Protein chains: 2
Amino acid sequence: MKKNGEDRRTAKTRASLHQALISLILRKGYDSVTVQDIIDEANVGRSTFYSHYTGKEDLFRKGFDSLRQLLGEHQNRALRSRAGVKDRILAFSRPMFEHAADHKEVYQALVGNRGGMVALYQIQRFLTELVRADLTATLGADKSNTGQRELVIQFVVGAFMAVLTWWLDHKARIPPERIDAWFRSMAMESILSIG
Amino acid sequence: MKKNGEDRRTAKTRASLHQALISLILRKGYDSVTVQDIIDEANVGRSTFYSHYTGKEDLFRKGFDSLRQLLGEHQNRALRSRAGVKDRILAFSRPMFEHAADHKEVYQALVGNRGGMVALYQIQRFLTELVRADLTATLGADKSNTGQRELVIQFVVGAFMAVLTWWLDHKARIPPERIDAWFRSMAMESILSIG
DNA sequence: TCACAATTAAACACAGTGTGCGGCAACCAA
DNA sequence: TTGGTTGCCGCACACTGTGTTTAATTGTGA
């Protein structure tokens with residue numbers, strides 16, 4: 001099963017670089033990882049790196065994008081298989097916790113204090129879209145002229161990221177379905193109280 | 001009213017540096033601010049900078065600490081003057097929104113995407129303590145063996161930071177007391193739903 | 001096999017860091 | 001006012017990391 005026009009070398013190089021970045025983030029935090037570190041860890045020439053990516057952030061973004069795509073597929077799969085759940089409020093939560101459990105290392109490299117501002121900002125933006133769509137689907141469009149709906153979205157996103165981070169760094173592992181239940185029962189009340 | 005052992009020069013220098021850092025963070029974001037930028041903006045010699053602080057992060061931390069102290073004083077003042085409010089749950093929220101409104105520039109430099117990971121981490125830690133104490137005072141110590149209480153704290157802290165950030169970046173200015181009411185009514189439900 | 005594409009090491013100019021030093025000016029106390 | 005102290009400055013240095021370019025080498029797919 002050969003890919004058309006995909007040199008094995010480039011694939012291997014890119015994989016090495018992504019893996020190296022994740023390892024290094026977990027080891028010393030995003031901010032203090034240098035391109036030098038990455039190419040050393042990945043055993044890749046300096047010029048090769050720059051022929052693939054414009055810099056550390058570019059490499060990071062590409063990796064984040066593919067993870068996000070995987071998550072998207074998992075979301076669809078989950079929502080399709082569990083019938084009747086699709087229209088439940090905050091349906092994004094469960095699949096996301098599951099996905100995080102399946103890719104714990106990567107998620108830890110992203111959400112904690114290890115991941116940099118770039119990571120946090122990406123995730124925040126992504127989640128905001130997710131939650132906005134979710135609430136629009138379950139509660140309908142926002143009719144009030146004030147920014148109440150937007151406020152609720154930010155509230156939920158912030159809370160979710162905090163819970164996710166805490167859960168990932170927590171020693172005792174709570175199963176995804178339980179943390180999801182906790183989060184949703186808390187968030188639900190908030191939403192219903194205003195939104 | 002002279003301070004003992006405080007040279008006017010050092011005071012001026014330190015003030016310049018702190019102001020310069022805030023301005024620069026607002027202009028280009030914490031991460032891309034260099035020591036070079038700071039000393040140029042503040043018109044301070046390179047060696048002078050390093051005689052006061054060990055680096056950018058040190059300067060930032062010292063500034064953050066004094067802001068935190070100001071906030072603490074404001075909290076005490078507010079809680080003392082408004083009798084009967086002291087024992088209300090999540091009492092930290094209102095004074096904090098007020099303080100943020102009074103020091104909007106500085107807060108914007110801290111919490112948004114402009115502030116770096118250092119800032120976020122400091123604030124997160126600080127708020128966690130605040131909320132933990134608050135919940136202990138109003139709900140009593142956590143008796144359950146699970147980490148439910150800790151989870152609730154993280155939930156509330158995350159939500160609060162998100163709301164605060166949104167509020168600061170929001171064009172239409174909502175008065176502190178209103179955003180506080182919104183936040184607390186949302187958070188309260190969450191807490192009570194699990195406790 | 002063979003042409004082409006990817007990878008490599010090395011060298012470069014550049015920007016920022018943290019330190020050290022001698023001279024100068026502001027400061028505070030007497 | 002004066003004098004000793006202290007803080008500030010400008011300059012230079014070694015060091016680390018960046019992003020680009022070159023010419024040579026090696027792997028790949030057809």
Side-chain angles (χ1 to χ4, degrees), chain A residues 1-63 66 114-119, chain B residues 1-63 66 114-119:
Chain A
M1 185 148 78
K2 271 185 221 157
K3 288 252 182 150
N4 252 357
E6 249 291 76
D7 199 320
R8 297 172 192 169
R9 287 171 292 179
T10 74
K12 194 189 287 189
T13 298
R14 285 203 255 257
S16 296
L17 290 172
H18 283 298
Q19 178 52 48
L21 180 58
I22 296 296
S23 302
L24 286 165
I25 290 177
L26 287 172
R27 206 177 308 154
K28 35 190 297 196
Y30 179 85
D31 288 333
S32 42
V33 172
T34 70
V35 174
Q36 203 60 244
D37 293 332
I38 300 173
I39 63 183
D40 286 348
E41 176 87 9
N43 267 309
V44 162
R46 182 169 200 73
S47 28
T48 306
F49 176 90
Y50 284 105
S51 76
H52 285 282
Y53 307 101
T54 69
K56 181 173 69 157
E57 195 172 318
D58 187 34
L59 169 62
F60 180 87
R61 264 197 227 290
K62 300 261 166 74
S66 54
R114 293 181 263 265
M117 278 274 82
V118 214
Chain B
M1 184 145 87
K2 270 186 222 155
K3 288 253 181 151
N4 253 356
E6 249 293 73
D7 198 322
R8 297 173 193 168
R9 288 171 292 179
T10 74
K12 195 189 288 188
T13 299
R14 283 203 257 257
S16 296
L17 289 173
H18 279 114
Q19 179 50 48
L21 180 58
I22 297 297
S23 302
L24 286 165
I25 290 177
L26 287 171
R27 206 178 309 155
K28 35 190 297 201
Y30 180 85
D31 287 333
S32 43
V33 172
T34 70
V35 174
Q36 203 59 243
D37 293 332
I38 300 173
I39 63 182
D40 287 348
E41 176 87 8
N43 266 310
V44 162
R46 181 167 201 75
S47 24
T48 305
F49 177 89
Y50 283 107
S51 77
H52 284 283
Y53 307 101
T54 70
K56 181 173 69 159
E57 194 171 319
D58 187 32
L59 170 62
F60 180 86
R61 265 198 227 294
K62 301 260 166 74
S66 54
R114 292 180 263 265
M117 278 274 83
V118 214

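Just so you know, these numbers come straight off a predicted model, no measurement behind them. So that the names make sense, note that chain A is the first sequence line, chain B the second, and so on, each numbered from 1.
- Considering only heavy atoms from C-beta on, B/Phe49 stays 4.5 Å or farther from B/Gln36 through its side chain.
- Of all the heavy atoms in B/Val33 and B/Ile25, the pair that sits closest is CG2-N, 4.0 Å.
- The nucleotide whose nearest atom lies closest to any side-chain atom of A/Asp7 is, among D/dC9, C/dT7, C/dA6, C/dA6.
- Here the side chains of B/Arg114 and B/Arg27 are not in contact, with every heavy-atom distance at 4.5 Å or above.
- For A/Glu6 and D/dA30, the CD to C1' distance is 17 Å, given to the nearest whole Å.
- In this structure, A/Met117 and B/Gly115 approach most closely via the heavy-atom pair SD-O, 3.0 Å.
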Q) Which letter, B, S or -, goes with each nucleotide of nucleotides 16-23 of chain C from 5' to 3', with contact meaning a protein heavy atom under 4.0 Å? A) SBBBBB--

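- If A/Lys12 and B/Phe49 are placed on DNA chain D by their nearest nucleotide, the residue sitting closer to the 5' end is B/Phe49.
- Side-chain nitrogen and oxygen atoms of A/Thr10 include none within less than 4.0 Å of the OP1 or OP2 phosphate oxygen of C/dA6.
- Direction of the helix axis in the helix from C/dT1-D/dA30 to C/dA30-D/dT1 shifts by 40° between the two five-pair termini, rounded to 10°.
- Within a 6.0 Å sphere centred on NZ of A/Lys12, other residues, nucleotides and ligands contribute 12 heavy atoms or fewer.
- The phosphate of C/dC28 (OP1 or OP2) has a side-chain N or O of B/Arg8 nearer than 4.0 angstrom.
- Rounded to whole angstrom, the span from the OH atom of A/Tyr53 across to the P atom of C/dA6 amounts to 13 Å.
- The nearest pair of heavy atoms linking A/Tyr53 to A/Asp58 is CA-OD2, 3.2 Å.
- If you check C/dC28, D/dG29, D/dC9 against the side chain of B/Val44, the one that comes closest is D/dC9.
- Listed here is the closest heavy atom pair of A/Ile39 and A/Gly45: CG2-O, 4.4 Å.
- Listed here is the closest heavy atom pair of A/Phe60 and A/Ala119: CZ-CB, 3.3 Å.
- For the pair A/Gly45 and B/Arg9, nearest-nucleotide mapping onto DNA chain C gives the more 5' position to A/Gly45.
- For the pair B/Arg14 CZ and D/dG7 C1', the computed distance is 11 Å after rounding to whole Å.
- In this structure, CD1 of B/Ile39 is placed 15 Å from P of C/dA15, rounded to the nearest angstrom.
- For A/His52, no side-chain nitrogen or oxygen approaches OP1 or OP2 of C/dA6 to under 4.0 Å.
- A pairwise comparison of heavy atoms in B/Leu17 and B/Leu59 identifies O-CD2, 3.9 Å as the closest pair.
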